[in-house]
Amino acid sequence: MIKHHPSNELLAKFSEGNLPATLSVAVAIHVEMCPVCQKELAALEAKNAETLFAESAIDMDDMFDSSMFDAITADETIDEVYEQSQVSVDVKDKTYTLPRALTRIGHSKFMQIGKLARSRIDLEDGALRASLLHIDAGGEIPEHTHTGFELTLLLDGEFSDEDGHYAPGDFMMLDGRHNHTPKTEQGCLCFTVVSSALHFNKGISKLLNPIGNLIY
C-alpha cells in the first residue's frame, strides 16, 4: 500500500507542466502507480481547464467564418495511435519492467559498487541527476544526509530506514534535515533524483564522500 505521495505543490506544478524534466518523470511514474494521486491529478487538470477557458472566452464567430469550421469538421483523417511497448532491465539475476514514463527515455549501463548498482537516466536537466538505483538483497546504503535534495521513488521490491518501511509507488523527498540508512532484505529498484551529492556522516563510510556523486 502506497503511503508516501508527492506534495500538493508538486502535483499542482506537474498538472500545469511547470516541473523540471526529472521531477516531472518522477511524478508521472508515481501517478501511474497510485490511484489516489490519479484522482487528485484529474481534479487539478479539470480545474486548470476551467480556468483556462474562463480566461480565454471569446466569440468564436468573430474569429472564424463558417467555411473554416466546415472544412475542419469534414476532415476524416485518423491519427495513428502510438502503442507503447514495455521495456525491461536486467540487474544481476532479476528482470524489472520499467514504468511507462521511462519506456522512451534511455539510460546507461548499470555500474556496480558492492551491493549497489546505478544507471543514469538520459535527461539533461541542469544540476538535477536522475538514475535507476538497484540494491541487492541484504544491501544497504550507509547513513547519510543530503547537501541538496534527494527524491526516491520505489519501483519494485522493498526497503526500510529509520522512518519506516516502503512499498512500490512510495515517493520520498529528503534534504539536509534528514539522516537515514536505507536497507533492504529482498532487494529493490528505485528511481532517484538528486540535486547534489550525498554526505556520509558516520565512521568509515565518510571515506565514500569523494564518490558520493557516483552512487546517486
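All values derive from a computational prediction rather than experimental measurement. By convention here, the first residue in the shown sequence is residue 1.
Residues that satisfy the side chain to side chain donor-acceptor pair (under 3.5 Å) test with Ser15, not counting sequence neighbours, are Asn48. Partners of Tyr166 under the ring pair (Phe, Tyr, Trp, His ring centres under 6.0 Å) rule, at least two apart in sequence or in another chain, are His4, Phe159. By the side chain to side chain donor-acceptor pair (under 3.5 Å) test, Glu124 pairs with no residue at all, sequence neighbours left out. Annotation: side chain to side chain contact (heavy atoms under 4.5 Å, CB included) contacts of Ser24 (sequence neighbours excluded): Phe14, Leu19. Every residue two or more places apart in sequence or in another chain that forms a side chain to side chain contact (heavy atoms under 4.5 Å, CB included) with Gln112 is listed here: Lys92, Ala117, Asp136. Scored by the side chain to side chain contact (heavy atoms under 4.5 Å, CB included) test, Ala130 finds Thr22, Ile121, Phe191, Val193 as partners (sequence neighbours excluded). Evaluation of the side chain to side chain donor-acceptor pair (under 3.5 Å) rule for Thr103 yields Gln84 as partners, not counting sequence neighbours. With sequence neighbours excluded, the residues forming a salt bridge (Lys or Arg N to Asp or Glu O under 4.0 Å) with Glu140 are Lys183, listed by chain and number.
Dense packing is recorded around CG of Asp122, with more than 12 heavy atoms of other residues, nucleotides or ligands lying under 6.0 Å away.
Summarising the geometry, atom CD1 belonging to Ile141 is positioned 4.0 Å from atom CD1 belonging to Ile135; distances are rounded to the nearest 0.5 Å.
Within the structure, ring-ring contact (aromatic ring centres under 6.0 Å, His included) pairs that include any residue of residues 109-130 do not occur (at least two apart or interchain). Identified under the salt bridge (Lys or Arg N to Asp or Glu O under 4.0 Å) test for residues 4-18, with sequence neighbours left out: Glu9-Lys13. Screening residues 37-47 for salt bridge (Lys or Arg N to Asp or Glu O under 4.0 Å) gives no qualifying pairs among residues at least two apart or on separate chains.
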Review item, side-chain donor-acceptor pairs of residues 95-102, under 3.5 Å, at least two apart:
residue, atom, partner, partner atom, Å
Thr95, OG1, Asp90, OD1, 2.5
Tyr96, OH, His134, NE2, 2.9

